[in-house]
Amino acid sequence: MKNAIRTFRKSHYGFHAALLILKAFALHAILFKDFNLLKVIALEGCFIFLLLGLAEVLAKKGAPYIYLAANAFITTFFAAILLYVTWFNTIPTYHVLLEIGQLGAIRDSVASLLSPLYALLYVDIIILLILMIFNKYPLVQSEAKSPWKRRTFLGSLAVCVIVFFYYKNVDIANPVLAAESKGIFNYEAINIAKSSKPNSAATMANEKADPYETNQKIASIKGIKLIPADQRKYFGMAKGRNVIVIQGESFQNFLIGLKINGKEVTPNLNELVKHSFYFPNLFQQVGPGNTSDAEFIMNTSLFPNDNTPTSLTVGNKQIPSLPKVLKEKGYSTMTFHTDKINFWNRDQLYPDLGFGQYFDESYFGDSDKVGMAASDDVLYKKGTEALANAKKPFYSMFISLSSHHPFVIPDEKKTLDLPSEYDGTLIGDYLTAQNYTDAAIGRFIDELKKKGIWDNSVILFYGDHLGLQDKALDDRDQELFEQFTGHKYNLKDRYTIPFIVSIPGKTDNGTVISSPGGQLDFMPTLANLLGVKIDHKLVHFGQDLLQGQNNLIGIRYYLPPGGFVNDHIIYYPNESFADGDAFSLNTMDRVKDFSKYETSYQKVLTLEELSDSYYAQLPESE
């Protein structure tokens, strides 16, 4: 027995298992503040032994390399989890991890998030590689007849199965808490098992249901009325006009009206607000697809997928959308994005959303590059040329990109003079990038006016998603934010984005509408202004924000399932509703007794499930 234990300790199997369990322990300590080593061994160790057992089976020859590769694979999995939680505040499912190939396009963002901590995870691998090069490798392959091979593998498999089935039906709303309680490997295994089953939501849908009936049901769940089109305020105010939608990359609402040392950060958008409908309490509702999810939501008013970028699932669906309805009314439809068209599957997303033309890197080129692609100035300049030659009326979308994380703007494009204490800070880089975004929009507006497009258009501007994650802000960033806002960075700051709707000649006096809303509300609001009746054509989970009704906004993915905003609070569950957290929408003070809002929590879950159900039963593309 002693000899077997000694052999196991010196074997590739035992040595790498010990190293990986230590890494799993470090991961639990960093992410969850969980320092229970026995728990880590029980939850993560069984999967580590299982995966290394597979390596043992394969390791007849070249064992050092196979085990080192297995170690590197599991280590990279841990690093990806750590990196993702640092930015998104949630545990990625295997769906998201499978899209690692998309990281090449945002490598600068990924690189900016890396820290020496990630290098420490690979120290053992580097040392072992060096020892291999100099023939000093200290480990031996366990003997073929060693009982450890069979017993350890079968034992770890049995424990993994027990852990899996024990936690399989344990519902914990918050993904981070779920991964802490169930184990990271087990959390992923449970999600794989769930996704392999037929979509249960699809069985709930009535494939022949009239869209109007579904919209009535949605309104009933939310506690509002589906107002007939001819009774709505502002119906048809922008009828027949061109539509220009500008989606601001990482643009958060606190930027509007913000001044640093008396200088406006976004002077052009501030001026636009004075002549527009402006919604300052508009919350993001994107999922893991972020920018591409925002495009999807804008055009469909459907919830995004909860664990996969929605653009990766649209290729086989006939999706009802506003561009398709406008096409029937004689509109030409087009969208503009300076990146490659296949990034986040947009080559399938855009046709599925009803865009007749899309303009990407092949049209804009790579001159005047800022970050990932050609600058916003190139986007708007060449885009305006396309609009001038387009069939009228048109529906167009401009997806800005220059203010993408890590917010690096060339010196010659910087116009915001920040105090020296902002130098080298994430906040400083963010403000500088969004100041450039604003300046480019100002030049875009000037071009639209010069070409005679402005006066007969309706212009929408909104942010696609947050740019500043609280975990990415260090103490210095937090202090600077508190200096210019007067309060600490909070949930409302993080998740509110501006929504500005300008109808030249109609909204010149400006109107601020402070009631809360979400990105799902964009499409119904625009449809009302265009005089387009959508209730009998398009199932929409948002509502027209101009009618003054109460709202219920489900924030998917960035908050745990059931997280919501209503007219009074921002709420998110932890293990369940009762132990969640709630904050006053007006003051952001913690609300201790939120029990009366449990119906809102249940309603949001129902709405999200209904959206999934509706999407699942859509017919496949021909």
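The shown structure was predicted, so the numbers you read here are calculated from the model rather than taken from an experiment. Computation of the quantities below employed the complete heavy-atom set of this structure, encompassing side-chain atoms and omitting hydrogens, waters and symmetry-equivalent molecules.
Side-chain N/O atoms of Ser403 and Thr437 include a donor and acceptor closer than 3.5 Å.
Counting non-hydrogen atoms of neighbouring residues, nucleotides and ligands closer than 6.0 angstrom, the NZ atom of Lys506 reaches no more than 12 such neighbours. Counted within 6.0 Å of NZ on Lys414, heavy atoms from surrounding residues, nucleotides or ligands total more than 12; the atom is thus considered enclosed. When the shell of 6.0 Å around CG of Asp475 is examined, it contains 12 or fewer heavy atoms from other residues, nucleotides or ligands. No more than 12 heavy-atom neighbours from other residues, nucleotides or ligands sit within 6.0 angstrom of NZ on Lys381.
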| task | Go through Asp477 and Tyr430 one step at a time and tell me if the side chain to side chain donor-acceptor pair (under 3.5 Å) criterion holds. | result | CA-CA 11 Å; Asp477 290 313; Tyr430 179 73; over 6 Å; no
| said: Let's go through Asp581 and Asn574 carefully: what are the C-alpha distance in whole Å and the side-chain angles of both, what is the deciding distance for side chain to side chain donor-acceptor pair (under 3.5 Å) to 0.1 Å, and is it a yes or a no? | reply: CA-CA 8 Å; Asp581 289 288; Asn574 285 307; 3.1 Å; yes
| request: For Asp567 and Leu585, run side chain to side chain contact (heavy atoms under 4.5 Å, CB included): C-alpha distance rounded to whole Å, both residues' side-chain angles, the deciding distance at 0.1 Å, then the answer. | output: CA-CA 7 Å; Asp567 292 342; Leu585 188 60; 5.8 Å; no
| field | Derivation and outcome, side chain to side chain contact (heavy atoms under 4.5 Å, CB included), residues Phe336 and Ile246 | value | CA-CA 10 Å; Phe336 302 85; Ile246 305 171; over 6 Å; no
| query | Can you check side chain to side chain donor-acceptor pair (under 3.5 Å) on Asn290 and Tyr557, steps first, answer last? | reply | CA-CA 10 Å; Asn290 290 297; Tyr557 192 73; over 6 Å; no
| request: Take Lys225 and Gln549 through the side chain to side chain donor-acceptor pair (under 3.5 Å) test and state the conclusion after the steps. | output: CA-CA 8 Å; Lys225 293 181 179 180; Gln549 299 190 91; over 6 Å; no
| request: List the steps and the verdict of side chain to side chain contact (heavy atoms under 4.5 Å, CB included) for Thr90 and Tyr84. | output: CA-CA 7 Å; Thr90 190; Tyr84 199 87; 4.0 Å; yes
| task | Show your reasoning for whether salt bridge (Lys or Arg N to Asp or Glu O under 4.0 Å) applies to Glu482 and Lys488. | result | CA-CA 5 Å; Glu482 191 170 359; Lys488 294 183 182 298; 3.4 Å; yes
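Residues Tyr495 and Ile570 are not in side-chain contact: their nearest non-hydrogen atoms beyond the backbone lie 4.5 Å or more apart. Within the 4.5 Å cutoff, the side chain of Asp376 has no heavy atoms near those of the Glu249 side chain. Counting heavy atoms from C-beta on, the side chains of Phe279 and Pro498 never come closer than 4.5 Å. Taking 4.5 Å as the limit, some side-chain heavy atom of Ile553 sits within range of a side-chain heavy atom of Gln285. The closest side-chain heavy-atom distance from Phe25 to Asp34 is not below 4.5 Å. Inter-residue side-chain proximity for Val591 and Phe583 is flagged as unmet; no heavy-atom pair is nearer than 4.5 Å. Looking at heavy atoms from C-beta onward, His275 lies out of side-chain contact with Asn509 at the 4.5 angstrom threshold. Looking at Ile497 and Leu282, their side chains come closer than 4.5 Å, going by heavy atoms from C-beta outward.
Atom-to-atom distance recorded for Ile218:CD1 and Lys222:NZ is 8.0 Å, nearest 0.5 angstrom. The structure places CD of Gln478 at 10.5 Å from CG of Leu426, a figure rounded to the nearest 0.5 Å. A distance of 9.5 Å separates CZ in Phe481 from CG in Leu431, rounded to the nearest 0.5 Å. If you take CG on Leu226 and CG on Asp544, they are separated by 10.5 Å, rounding to the nearest 0.5 Å. A distance of 3.5 Å separates NE2 in His337 from CZ in Arg346, rounded to the nearest 0.5 Å. Rounding to the nearest 0.5 Å places CD1 of Ile221 at 11.5 Å from CG of Leu605.
Taking 4.0 Å as the cut-off between side-chain N and carboxylate O, Arg556 and Asp612 count as a salt-bridged pair. Classification of Asp446 and Arg443 as a salt-bridged pair fails, no side-chain N sitting under 4.0 Å from a carboxylate O. The residues Glu421 and Arg476 are annotated as not salt-bridged, no charged nitrogen and carboxylate oxygen being separated by less than 4.0 angstrom.
For the residue pair Pro267 and Asn435, the shortest heavy atom distance occurs at CD-ND2, 4.4 Å.
With sequence neighbours excluded, the residues forming a salt bridge (Lys or Arg N to Asp or Glu O under 4.0 Å) with Glu271 are Lys274, listed by chain and number.
Note on ring orientation: taking the six-membered ring where Trp is involved, the planes of Phe499 and Tyr462 are perpendicular (angle over 60°, cut-offs 30° and 60°). His405 and Phe407 have perpendicular rings, their planes meeting at more than 60° on a 0 to 90° scale where under 30° would count as parallel. Ring orientation note: the planes of Tyr601 and Tyr571 are nearly perpendicular, at an angle over 60° on the 30°/60° scale. Using cut-offs of 30° and 60° on the angle between ring planes, the pair Tyr615 and Phe296 is perpendicular.
One N or O on the side chain of Asp579 and one on the backbone of Ser576 form a donor-acceptor pair closer than 3.5 Å. Under the 3.5 Å distance criterion, the side-chain polar atoms of Asn270 are matched with a main-chain donor or acceptor of Gly257. The main-chain N or O of Leu269 is never found under 3.5 Å from a side-chain atom of Thr266 such that the two would form a donor-acceptor pair. At least one donor-acceptor pair closer than 3.5 Å links the side chain of Ser301 to the backbone N or O of Leu520.
When each of Tyr597, Phe594, Tyr572 is checked for a ring-ring contact (aromatic ring centres under 6.0 Å, His included) with Phe577, only Phe594 meets the rule. Remark: of the listed residues Thr587, Asn586, Asn281, Asn281 is the sole one forming a side-chain hydrogen bond (donor to acceptor under 3.5 Å, both in side chains) with Lys492. Here the rule is ring-ring contact (aromatic ring centres under 6.0 Å, His included) with Phe461, and of Phe444, Phe251, Phe277 only Phe251 fits it.
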